[in-house]
Amino acid sequence: MQQPEFPELETPRLRLIELDHQHAPALLAIHQDAHHMRHWGAKPFANVSAAHEFISACRAGWKLQVPVMRWALQHRATGEFLGTCGLFNWDQRWQKCFLGYELNPNAQRQGLMREALKKILTWGFERGQLHRVEALIHPDNQASLGLAAQLGFQVEGRLREVAFWNETRHDMLQLGLLQPEWQP
């Protein structure tokens, strides 16, 4: 599923563009908030270098044989960086991948991430030729579970102690969305 250039997408309120190093300070602000990112699955970013490393991996990732597509969410009216969302661990033979996202706490509860995810899921099912998109969500992350349910994801089971971050093992809920179920 090699792309000649990174696909830029638009929604009524957002531009979904390639994550860039100019986004590092705003990305760091999101990822340094330990409480907000407690379900992310990794330690908070320690400094701006960690944000730059993440951005570099994302910028290189979409060109890989197993792509990592990570979009920066930019508010169309203000140009403000709001967070990221993406499709990763792409298995082209099985036509599936995983979904991930994070949003600035100040931008939550406005439907912005739902708007962005609808766009990238539609892109993934149509242009990426996906049949299945999966998500692993911490059982205590009610906001993320609610968003996934609104998008049509179904909880398929609990993976016991599958994740490890902050010196703690975590259960995760496995969710899935199939292309025939997708209703953008």
Side-chain angles (χ1 to χ4, degrees), residues 1-11 13-24 26-31 36-37 39-42 44-45 50-76 80-92 94-105 107-108 111-138 141 143-145 147-148 150-153 163 165 172-177 179 182 184:
M1 210 252 357
Q2 294 285 18
Q3 297 288 318
E5 57 185 50
F6 191 88
E8 292 191 1
L9 308 172
E10 289 195 358
T11 72
R13 297 181 291 169
L14 300 169
R15 288 185 62 232
L16 284 72
I17 60 175
E18 185 173 9
L19 193 57
D20 189 83
H21 288 283
Q22 70 182 352
H23 302 127
L27 185 64
L28 174 63
I30 294 170
H31 279 265
H36 177 65
M37 297 301 290
H39 302 303
W40 173 253
F45 289 176
H52 281 293
E53 288 174 23
F54 179 80
I55 291 166
S56 291
C58 291
R59 289 182 64 83
W62 72 270
K63 299 173 186 172
L64 299 174
Q65 184 67 29
V66 179
V68 174
M69 304 295 296
R70 196 87 189 180
W71 285 268
L73 279 63
Q74 185 179 55
H75 197 282
R76 283 179 69 175
E80 180 185 4
F81 172 85
L82 303 172
T84 77
C85 62
L87 305 170
F88 62 97
N89 286 359
W90 209 293
D91 186 322
Q92 294 173 349
W94 288 15
Q95 298 176 310
K96 73 176 189 87
C97 70
F98 279 87
L99 177 70
Y101 45 89
E102 81 276 15
L103 190 64
N104 183 312
Q108 291 183 334
L112 293 165
M113 188 56 75
R114 182 177 57 246
E115 189 173 313
L117 294 180
K118 281 183 175 184
K119 192 69 172 185
I120 70 165
L121 287 167
T122 297
W123 182 88
F125 286 129
E126 292 176 0
R127 305 286 297 289
Q129 301 175 340
L130 290 170
H131 176 73
R132 176 183 171 83
V133 177
E134 300 177 0
L136 290 177
I137 301 176
H138 194 282
N141 192 344
S144 192
L145 288 168
L147 173 57
Q150 290 174 13
L151 294 168
F153 280 82
W165 71 87
M172 299 294 281
L173 296 179
Q174 169 76 48
L175 291 85
L177 175 65
Q179 187 278 329
W182 177 236

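Residues: numbered from 1 along the sequence shown. Side-chain atoms are counted along with the backbone in the values below, which use heavy atoms only and exclude waters and symmetry mates.
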Does any non-hydrogen side-chain atom of L130 lie less than 4.5 Å from one of C97?
-> yes
Find the distance between CG (L9) and CD1 (I17) and round it off to the nearest 0.5 Å.
-> 11.0 Å
side-chain contact (heavy atoms from CB on, under 4.5 Å) evaluation trace for L82 with L103 = CA-CA 6 Å; L82 303 172; L103 190 64; 4.0 Å; yes
Side chain to side chain, H36 and P105, heavy atoms closer than 4.5 Å | yes
Search all heavy atoms of F54 against all heavy atoms of R70 and return the closest pair with its distance.
-> CZ-NE, 4.1 Å
Any side-chain donor paired with an acceptor under 3.5 Å for Q179 and R132?
-> no
Quick one: are the ring centres of F6 and W71 less than 6.0 Å apart?
-> yes
At their closest point, which heavy atom of F45 faces which heavy atom of L28, and how far apart are they?
-> CB-CD1, 3.7 Å
Mind checking whether W90 and W123 have parallel, tilted or perpendicular rings, split at 30° and 60°?
-> perpendicular
Might you point out which heavy atoms bring A51 and L27 nearest each other, and give the distance in Å?
-> O-CD2, 4.2 Å
Kindly indicate whether the side chain of E8, heavy atoms from C-beta on, has any atom under 4.5 Å from the side chain of R15.
-> yes
One should read off an interatomic distance between K118 NZ and Q150 CD, to the nearest 0.5 angstrom, of 8.5 Å
Check whether any side-chain heavy atom of F153 lies under 4.5 Å from a side-chain heavy atom of L147, and answer yes or no.
-> no
So how far is it from T11 OG1 to K119 NZ, rounded to the nearest 0.5 Å?
-> 7.5 Å
Using the ring of each side chain (for Trp, its six-membered ring), is H23 parallel, tilted or perpendicular to F81, with breaks at 30° and 60°?
-> parallel
F88 versus G100, closest heavy-atom pair with distance | CE2-N, 3.6 Å
Give a yes or no on whether the backbone of E134 and the side-chain of Q174 come within a donor-acceptor separation of less than 3.5 Å.
-> no
Any side-chain heavy atom of R59 within less than 4.5 Å of one from H21?
-> yes
Considering all heavy atoms of both residues, which atom of L136 and which atom of F98 are nearest to each other, and what is their separation?
-> CG-CE2, 3.8 Å
To the nearest 0.5 Å, atom CG of N141 lies from atom CE of M172 at 8.5 Å
Starting at CD of E102, measure out to CD of Q108 and round the result to the nearest 0.5 Å.
-> 11.0 Å
Which distance, rounded to the nearest 0.5 Å, do you find between the CG of L14 and the CD of E80?
-> 10.5 Å
List the steps, then state whether side-chain contact (heavy atoms from CB on, under 4.5 Å) holds for C85 with L16.
-> CA-CA 9 Å; C85 62; L16 284 72; 4.1 Å; yes
Between N104 and L73, is any pair of side-chain heavy atoms under 4.5 Å apart?
-> no
So, do Y101 and T84 sit near enough that their side-chain heavy atoms are less than 4.5 Å apart?
-> no
Side chains of L121 and P184: closer than 4.5 Å at any heavy-atom pair?
-> no
Looking only at heavy atoms, the pair that brings V133 and L87 closest together is CG1-CD2, 4.4 Å
side-chain contact (heavy atoms from CB on, under 4.5 Å) evaluation trace for I120 with M69 = CA-CA 9 Å; I120 70 165; M69 304 295 296; over 6 Å; no
